Number of protein chains: 2
Amino acid sequence: MTEPPGRRERKKAATRQKIADAALRLFLERGYDAVGIRDVAAEADVAVTTLFSHFASKEALVFEQDADFEQRLTRAVAERAPDEPLIPLLKREMHALVRHCSTEGAAPVYRMIDGSPALRQYEETMRLRHAEALASAIAADLGQAAATTACRAIARFVIDVHALAREAKDPQAAVDEIFEMIEAAWEAVPPPPRG
Amino acid sequence: MTEPPGRRERKKAATRQKIADAALRLFLERGYDAVGIRDVAAEADVAVTTLFSHFASKEALVFEQDADFEQRLTRAVAERAPDEPLIPLLKREMHALVRHCSTEGAAPVYRMIDGSPALRQYEETMRLRHAEALASAIAADLGQAAATTACRAIARFVIDVHALAREAKDPQAAVDEIFEMIEAAWEAVPPPPRG
DNA sequence: CAACGTAACACTAACCGTTAGGGTTTTGGA
DNA sequence: TCCAAAACCCTAACGGTTAGTGTTACGTTG
């Protein structure tokens, strides 16, 4: 008793996890393209419609946790201390993100993603959404009502770092290198960026 | 002149054009989602399999001409005069590209694209390919064997301009603004960018 | 110029992701 | 206790895409 989440929500979360686990297992075992939605549903012992009530698409099964990891960026901006400069903060978060991708058991997953055009496409679309969210967060941080072109540009550049760094020989060094460029770009914004 | 290709190739090109025309007509008439591949094939009076031998996907029908317009960027870099600075050249090409999208009868098409998630996603993926090609062209232009991280970053930033400018109130001004940032980023690249 | 190889196209039938429609069980609360 | 909603199941279909198998028209070569 006294469980903040009720039994219903726990069961729902369990079902979702069961599906995600089954999917990842099958994908890594036989390859993403060789596994059908019906296979995943059968392995998780749920109906296909149930699967799609938890995940919006086949690709979403792969990016289960990754999604909220990139939300860290926008949250970090929203909650930043007033004396913390914006760009170094973003750089620090991006370092953490890239490190998370390189280490852990994440390697096979990213090899799978790189091997499937559908997954690459989905990943990029997801990043676009994150870039928009980040642009709004930056704009709000600067006291702007809506994201200006400069904000949106910087947000895109920052999000691009993830993809660029992942494909570099030394990802961490790549993050530093690209942020040198971003810092310069940010300081070149015509209207004063630090109002 | 310009008729070295035999009858067979002309017929093939005609078929391709017939399909593209039929598709665009139906899409603008009834909306992209409301028109099926089978409708397009019927309207063009070809088999569905024939349609897919000319176009890789339903989305590709929409971006028929747009694809090679962005190729202009890489070609401009490859053929640039030795005294022409790189970034202003890219800026000029980007201006032309954005102008082309704003004017002409392109407005309804872009409204259609903005209205369909599938088309937006396809467009972004197409841009990624262009960014890779542009990165290679820039690297070659600098005498590098393969595209470095800085080259790939600049290429992405440049390609991003298209999407950012299209959604700005004043697209041409947005191009100028973002290129201010890109110029600064380019000059901040650690190893000397201009040999 | 006659015959052959092949490129372009057609037809059918299916695969696969995704959704609609309609029903059953489980859960939380009145 | 009983109800409304949530979560789930099943079936059937839709729409993009592809495989398999022919058929026709072109270009080439003996």
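None of the values given here were measured: they were computed from a predicted structure. Within every chain, numbering begins at 1; the chains are lettered A, B, ... in the order of the sequence lines, protein sequences first and strands thereafter.
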- Message: Near DNA chain C, counting only heavy atoms under 4.0 Å, which residues of residues 11-37 of chain B show up?
- Response: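 The stretch gives B:Lys12, B:Thr15 as the residues lying under 4.0 Å from the strand, ordered by number.
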
- Task: Could you check which residues of residues 108-117 of chain A get a heavy atom under 4.0 Å from DNA chain C? Sort them by number, please.
- Result: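 Within residues 108-117 of chain A, no residue comes under 4.0 Å of DNA chain C.
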
- Task: Determine the sole option in B:Arg25, B:Arg38, B:Arg30 for which the salt bridge (charged side-chain N to carboxylate O under 4.0 Å, His left out) test with B:Glu43 is passed.
- Result: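 Among the candidates, only B:Arg25 passes.
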
- Nearest heavy atoms of B:Arg16 and B:His54, plus distance in Å: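 What the structure gives for the nearest pair is NH1-O, 3.0 Å.
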
- Message: Need one value for B:Asp39: base, sugar-phosphate or nothing, where a base atom within 4.0 Å counts as base even if backbone is also close, heavy atoms only.
- Response: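 Answer is nothing: B:Asp39 stays at 4.0 Å or more from every strand.
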
- Message: Could you tell me if A:Gln71 and A:His130 have a donor-acceptor pair between their side chains, going purely by distance under 3.5 Å?
- Response: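 No, because no side-chain N or O of A:His130 sits under 3.5 Å from a partner of the opposite role on A:Gln71.
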
- Task: Any chance you could pull the hydrophobic cluster mates of A:Leu128, using side-chain heavy atoms under 4.5 angstrom and chaining through other members?
- Result: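 None; A:Leu128 is a cluster of one.
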
- Query: Roughly how many Å is it from CZ in A:Arg8 to P in D:dA5, rounded to a whole number?
  - Reply: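 To the nearest whole Å, that distance equals 11 Å.
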
- Nearest-angstrom distance from the residue atom CZ of B:Arg7 to P of D:dT28: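 Going from B:Arg7 (CZ) to D:dT28 (P), I get 12 Å.
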
- Item | Those residues that, when tested against B:Asp176, pass salt bridge (Lys or Arg N to Asp or Glu O under 4.0 Å) (two or more places apart) |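 Here the qualifying residues are B:Lys91.
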
- Message: Going 5' to 3' along DNA chain C, which are the first and last nucleotides with any atom under 4.0 Å from a heavy atom of chain A?
- Response: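 So the contact region on DNA chain C extends C:dC16 to C:dG28.
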
- List in numerical order all residues of residues 46-62 of chain A for which some heavy atom is under 4.0 Å away from an atom belonging to DNA chain D.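 Only A:Val46, A:Ala47, A:Thr49, A:Thr50, A:His54 qualify.
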
- Query: So, do B:Phe27 and B:Val40 sit near enough that their side-chain heavy atoms are less than 4.5 Å apart?
  - Reply: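 Of all side-chain heavy-atom pairs linking B:Val40 with B:Phe27, at least one is under 4.5 Å.
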
- Query: Is it true that a side-chain atom of B:Ser116 and a backbone atom of B:Met112 form a donor plus acceptor pair closer than 3.5 Å?
  - Reply: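 Between the backbone of B:Met112 and the side chain of B:Ser116 there is no qualifying donor-acceptor contact (under 3.5 Å).
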
